[in-house]
Protein chains: 2
Amino acid sequence: MPTIKDVASLAGVSVATVSRVLNDSGYVNHETKQRVNDAISTLNYRPNNVARSLFNGRSQMIALLVPDIMNPFFPELARAVEDFTKQNDYTFVLCNTDDDPEKEMHYIDALQQKSVDGIIIVSSTITEKELNQVKVPIVALDRILSSNLSSVTVRNREGARHAVKYLKALGCKRIAHICGPENVSNTKDRLSGYLDEVKDMDWFLSSYVVTGEYQFDSAMAATKNLLINHPEIDGIFVANDVMGVGVLKAAQELGLRIPKDLCVIGFDGISLGDKITPSLTTIKQPIYEMGTRAAEILIQQINDPVFTVQREEFEVTLLERESTSVRR
Amino acid sequence: MPTIKDVASLAGVSVATVSRVLNDSGYVNHETKQRVNDAISTLNYRPNNVARSLFNGRSQMIALLVPDIMNPFFPELARAVEDFTKQNDYTFVLCNTDDDPEKEMHYIDALQQKSVDGIIIVSSTITEKELNQVKVPIVALDRILSSNLSSVTVRNREGARHAVKYLKALGCKRIAHICGPENVSNTKDRLSGYLDEVKDMDWFLSSYVVTGEYQFDSAMAATKNLLINHPEIDGIFVANDVMGVGVLKAAQELGLRIPKDLCVIGFDGISLGDKITPSLTTIKQPIYEMGTRAAEILIQQINDPVFTVQREEFEVTLLERESTSVRR
DNA sequence: TTGAAAGCGCTAACAG
DNA sequence: CTGTTAGCGCTTTCAA
């Protein structure tokens, strides 16, 4: 790998001059510039980013920490963040934390030791104390972590209410809810929205709420139990789409006809929902816009040291598909 | 952020000594070590990795470049690489290239400028010329890129033959193939395996092979066309599972009963195949083992400068599920 | 308009 | 056993 010195001696100038043309800073004679650029291309020189980072303390690198890379929601989110950060000349890296506080802190430490410029994080487990260890700008995505942290989320509670109202309008008489892990902020919000709509119904039972841990397998198992114990259930609001797919699978294995016997509505709007049969009706989040906005806020905070917490809450929309729509 | 100097002065020693305890190298008095460690913890000192990297030219970072993070195959692969690299004290980063040569080279450049220690790459588009730009150890995964590059792949041709033989054994009389993009090495191998088994059949038509570009949407569209033009088709071997899901969707939209009217078998063995109804029979790759092995080879090449190309080819297995098995 | 030199934080000789 | 010092490759004063 050639260094700036090699370029300098080939061009017959000092390293300072090379640095100037590299960064387009200060004065440099047009001809000299030419010579330097020639040297750069004949040597195929690339500035060493590590040295740059060491000097100015920044790395032009932004990281996204997600809890579960196998849930398609997060790759979709990652695409958005990647696109936006790339457009702004940052290197984007994606890290998977398993929602494990240790892995999370490990990544945060490692990234900071690499002078990462900023972090976008989807987390439920991180604590205020750990957050204080973070010296670089940080934005919470999808979940709210702390009141003094910028965040990008959606109107979870309203979305949940919308889902349940919709099931009612379809004629569902007994509506259950498969929720996420209880420590996740959006689990609580979506559950609240559900309860808003059903808690005063005469048919409501607290056993209509079961957890699926935001995982396919758990959701499938939980649904089978639920439907066996409560065959009267004719509608399920599921707190995310991956679990929604699990609910459909469980219902089909029990021989239920969707949506005739059971209506199912998810939450997220991942493309997987449209790939399966029957396709999954859902409350759609503007995933791409959310990722983009989080990246935008982060970059803004990186550039502007004045600390201003921004909280952005996106609207959600009902996306009607086969798991509810063809009911007759 | 405290530096090694701060630690040194707090502990009343030189930076060299601090460095020694940090790296556990050379002799250092037990008591001194204690003092240094105390200073480290009171300051909450973390060594600056950038400075380390600048000095020794390594970053303890390994990157995986994948063509499509939205295809669940790659997150599954990434999990494996992540786990293994992490166990070996590397920071793992995941980069999405879209199989776009420009994005690919952009990442490779950026990573090298960050002194990345090694790269695992899944690519179809990269050329020998670009490969020569890469100065760090590199391992090809899932696809073969060049004869002088280590690689981890599977027995694609044999797997494909196995798939087709299996369809025949089930009683399929007209078997089609949905293939991947033609520039991908495993597309060719899987196609060859298919042709091995069908090209001499009296029923075989070249129009039984159509491309699905390894994408859900393309595969779904291609399948509809295929089945409308060739209603006699009663079995399809699909070159990957994501397309397999698309084939099932297309067939169901056409009102075909699976597997009674049409048997479908995919290739990959991603967990998605088991989440849908009917679940997708497939030729299963040992995804986790492959990712692990690629990481292992890479780390070996990082540590051992002696250049030895390793080519590892894993066996595949038939995973029988509902898209073929309940045929009667 | 250009160059010399200091220093970003760390490690590894080399002395002592 | 410990300290001094020279860089790793780059950017940025400060002088010229």
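Note that these values count all heavy atoms, side chains included, but never hydrogens, waters or copies made by symmetry. Reminder, nothing fancy here: chain letters follow the sequence lines and each chain counts from 1.
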Go through the structure and list residues passing salt bridge (Lys or Arg N to Asp or Glu O under 4.0 Å) with B:R311, not counting sequence neighbours.
none

Just grab all the salt bridge (charged side-chain N to carboxylate O under 4.0 Å, His left out) pairs involving residues 124-152 of chain B, residues at least two apart or on different chains.
B:D99-B:R143

Residues 40-49 of chain A, side-chain donor-acceptor partners within the protein, below 3.5 Å, at least two apart:
from, atom 1, to, atom 2, distance (Å)
A:S41, OG, A:N37, O, 3.3
A:S41, OG, A:D38, O, 3.1
A:T42, OG1, A:D38, O, 3.4
A:T42, OG1, A:A39, O, 3.1
A:R46, NE, B:D109, OD2, 3.2
A:N48, OD1, A:V50, N, 2.6
A:N48, OD1, A:A51, N, 3.2
A:N49, ND2, B:Q113, OE1, 3.2

Can you name the residues that form a salt bridge (Lys or Arg N to Asp or Glu O under 4.0 Å) with B:E296, not counting sequence neighbours?
B:R293

Please list residues of residues 105-119 of chain B whose heavy atoms come under 4.0 Å from any atom in DNA chain C, ordered by number; otherwise none.
none

State which residues pass side chain to side chain contact (heavy atoms under 4.5 Å, CB included) with A:A140; sequence neighbours excluded, sorted by chain then number.
A:L145, A:L149, A:S151

Residue set satisfying salt bridge (Lys or Arg N to Asp or Glu O under 4.0 Å) with A:D68, at least two apart, ordered chain then number -> none

With sequence neighbours excluded, residues passing salt bridge (Lys or Arg N to Asp or Glu O under 4.0 Å) with A:K103
A:D98, B:E82

Could you pull out all residues at least two apart from A:S14 that satisfy side chain to side chain contact (heavy atoms under 4.5 Å, CB included)?
A:A16, A:T17

Sequence neighbours excluded, every pair satisfying salt bridge (charged side-chain N to carboxylate O under 4.0 Å, His left out) that has a member inside residues 5-28 of chain A
A:D24-A:K33

Do nucleotides 8-16 of chain D as a string where each nucleotide becomes B, S or -: B if the base has a protein heavy atom under 4.0 Å, S if just the sugar-phosphate does, - if no protein is that close.
BBSBBB---

Using a heavy-atom cut-off of 4.0 Å to chain A, what are the terminal contacting nucleotides of DNA chain C, in 5' to 3' order?
C:dT1 to C:dG9

Within a reach of under 6.0 Å around CZ of A:R58, are more than 12 heavy atoms found that belong to other residues, nucleotides or ligands?
no

Students often get this wrong, so: under 4.0 angstrom with heavy atoms, is B:T32 touching a base, only sugar-phosphate, or nothing?
sugar-phosphate

